[in-house]
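First comes the structure, then the notes that go with it.
Predicted, not measured: the structure shown is a model, and the values here were computed from it.
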Amino acid sequence: MALEGPAERRDEVQVAMGNGNGVAPSQPSRPAGRPPAAAAPYADRRLRLNPNAEHKPQDYSDVRGEYAPAVYSALERHLPPSLLDADRDVKLHFMRDILARYWPQGERNKVQRHREYRQRILHLYKPLHEELYNMHPSVFFLPTFLEAVRSNTEESFRSIMTEPIPGVYSFAMLQPTFCEMLLEEVENFEKWVHAMKFKIMRPNTMNKYGAVLDDFGLEAMLNQFMQQFIAPISKGFHVDDSEVTLNVCLGKQFSGGELYFRGIRCENHVNSETQHEEMYDYTHIPGRAVLHRGRHRHGARATSSGLRINLLLWCRSSVFREMKKYQKDFPSWCGECQREKRERQSQCVKATKMAFLRGSGGATI
């Protein structure tokens, strides 16, 4: 998740949920590189593409390393059936081995540097608002939002939402006091960083002002934020087959900074022309959230005056990425793929009609 600021800042509080960055250095229970004796028989097993929804993962909250505990909990549902009842150490070693295959050495070094940076902050930084670091739903969220999540039905979610264009959902979400506390916490962290003469790591190379909330201890709370309150909404609106973005305005006083949308696209059509019906500008309101697919083309206009700060939560789907790898299912969600399909169908119908007319033209009565 990230926090953004004024003008050309990416006004957001970045907390990259499930991005594989843990909060403490690895603490293996055995010498590095030595797998549990029982792990070998599972070395050639493959993950399930679809998760086992009935399986209850074990608790990995005490695990430290390159990946957040939530990653292991989610991945456990994809383990082959023969591994689901194995000891936790066996499953953990298997999952770490799988994950390690996807990390080039350069990326591992980058993660190691980030982990050391984060550990230094966690050891030295004193939070301003301790209550932010644990989930308190009634303090954080509006009653209408909590009731919709408690009911956990598409009807309850739709009752608090508007859908200005297909695939973009807007709803009131955060308590004003939560927004204020989070803004004050980030400002306190920024002042502390400057006083300590640290070089702060920003959410990305385009962001000169944002703060990564995971880096100063908010990761556990934000994991709960995503799993308990955002995941149900994503599933309820049938967008869990893609990566989902939550964007919530925290404040402060500002003008401009509208979020604009330009249609959902797959990689094959990412630069295709935008149709008129796909154009939509969204005006931020403090405490109000907008939820959309990660593949929905969008951008933020410059903040013309004041300071706008947003909380961004990126929910990532390994299944969707695997689907994308094999170029599957694009026609079901890409706007341009759907238009091409409709055009092919239209041409087919026209060709059939022409063939029928030509055939009936020579008939006699």
Side-chain angles (χ1 to χ4, degrees), residues 1-4 11-18 23 56-57 59-61 68-70 73-74 122 125-163 169-189 211-237 239-240 244-253 284-292 308-315:
M1 295 173 195
L3 195 56
E4 298 184 336
D11 302 329
E12 55 204 32
V13 181
Q14 171 173 341
V15 183
M17 302 306 307
V23 296
K56 184 177 180 180
D59 181 16
Y60 294 94
S61 58
S73 296
L122 292 174
Y125 176 67
K126 181 175 176 57
L128 177 65
H129 295 295
E130 293 280 358
E131 58 269 41
L132 280 176
Y133 292 77
N134 293 290
M135 176 56 66
H136 302 288
S138 62
V139 176
F140 294 177
F141 304 109
L142 294 171
T144 51
F145 175 77
L146 288 177
E147 178 58 27
V149 173
R150 186 194 64 78
S151 299
N152 196 23
T153 65
E154 183 169 338
E155 291 74 20
S156 67
F157 293 136
R158 288 196 180 277
S159 70
I160 64 168
M161 292 185 173
T162 59
E163 188 179 6
Y169 305 96
S170 177
F171 52 98
M173 183 182 192
L174 297 179
Q175 293 273 17
T177 51
F178 173 79
C179 296
E180 292 169 6
M181 283 195 299
L182 190 54
L183 289 173
E184 290 171 358
E185 189 68 43
V186 173
E187 290 172 355
N188 185 66
F189 174 68
V212 181
L213 301 188
D214 285 6
D215 288 347
F216 53 98
L218 285 165
E219 182 181 38
M221 183 275 285
L222 290 164
N223 268 323
Q224 289 183 277
F225 192 111
M226 180 187 71
Q227 294 170 3
Q228 297 178 18
F229 300 99
I230 305 307
I233 296 177
S234 300
K235 292 177 182 177
F237 285 90
V239 292
D240 53 322
V244 177
T245 299
L246 178 79
N247 188 336
V248 195
C249 183
L250 300 176
K252 302 177 178 178
Q253 296 294 321
H284 287 290
I285 300 173
R288 192 169 183 86
V290 60
L291 183 75
H292 61 88
R308 177 174 66 84
I309 303 179
N310 284 32
L311 169 68
L312 263 68
L313 174 63
W314 295 300
C315 306

Between Trp314 and Val244, does a side-chain contact (heavy atoms from CB on, under 4.5 Å) hold up when you go through it step by step? CA-CA 6 Å; Trp314 295 300; Val244 177; over 6 Å; no
Can a salt bridge be assigned to the pair Lys252 and Glu184 using a cut-off of 4.0 Å between side-chain N and carboxylate O? no
Between CE of Met221 and CG of Asp214, what distance do you get to the nearest 0.5 Å? 10.0 Å
At their closest point, which heavy atom of Phe178 faces which heavy atom of Leu132, and how far apart are they? CE1-CD2, 3.6 Å
Does the side chain of Phe157 reach to within under 4.5 Å of the side chain of Pro232, using non-hydrogen atoms? yes
From CD1 (Ile230) to CG (Leu291), nearest 0.5 Å: 7.0 Å
Please find the pair of heavy atoms, one from Pro127 and one from Glu185, that lie closest to each other, and give the distance. CA-OE2, 3.4 Å
Is there side-chain contact between Arg308 and Leu250, with heavy atoms separated by less than 4.5 Å? no
For Phe229, ring-ring contact (aromatic ring centres under 6.0 Å, His included) partners two or more places apart: Phe141
Could you grab the distance from atom CG of Asn188 to atom NE2 of His129, nearest 0.5 Å is fine? 8.0 Å
Using side-chain heavy atoms (C-beta onward) and a distance below 4.5 Å, is Asn223 in contact with Gln228? no
Side-chain contact test, heavy atoms from C-beta onward, threshold under 4.5 Å: evaluate it for Pro286 versus Cys179 and give yes or no. no
Would you kindly say whether Glu219 and Tyr133 are connected by a side-chain donor-acceptor distance under 3.5 Å? no
Give a yes or no answer on whether the side chain of Gln175 reaches the backbone of Val139 with a donor-acceptor pair at less than 3.5 Å. no
Examine distances only and state if a side-chain atom of Glu163 and a backbone atom of Tyr169 form a donor-acceptor pair shorter than 3.5 Å. no
Note: Phe145 and Ala172 closest approach over all heavy atoms is CB-O, 4.0 Å
Heavy-atom side-chain contact between Phe225 and Leu311 under 4.5 Å: yes
How long is the span from the SG atom in Cys249 to the CG atom in Leu174, to the nearest 0.5 Å? 10.0 Å
Taking side chain as C-beta onward, heavy atoms only, is Met173 less than 4.5 Å from Leu246? yes
So which heavy atom on Glu131 is nearest to which on Met181, and how close? OE2-SD, 3.4 Å
Do Ser159 and Ser156 meet the criterion of a side-chain donor-acceptor pair at a distance under 3.5 Å? no
Do the non-hydrogen side-chain atoms of Ile309 and Leu182 ever get within less than 4.5 Å of each other? no
Considering all heavy atoms, the nearest Met161-Ile233 contact: CE-CG2, 3.4 Å
How close do Pro137 and Leu146 get, counting heavy atoms only, and between which atoms? O-CD1, 3.6 Å
Of Leu312, Leu222, Leu313, the residue whose pairing with Leu213 passes side chain to side chain contact (heavy atoms under 4.5 Å, CB included): Leu222
Are Arg150 and Glu147 within salt-bridge range, i.e. N to O under 4.0 Å? yes
Under a 4.5 Å cut-off applied to non-hydrogen side-chain atoms, are Phe171 and Thr162 in contact? no
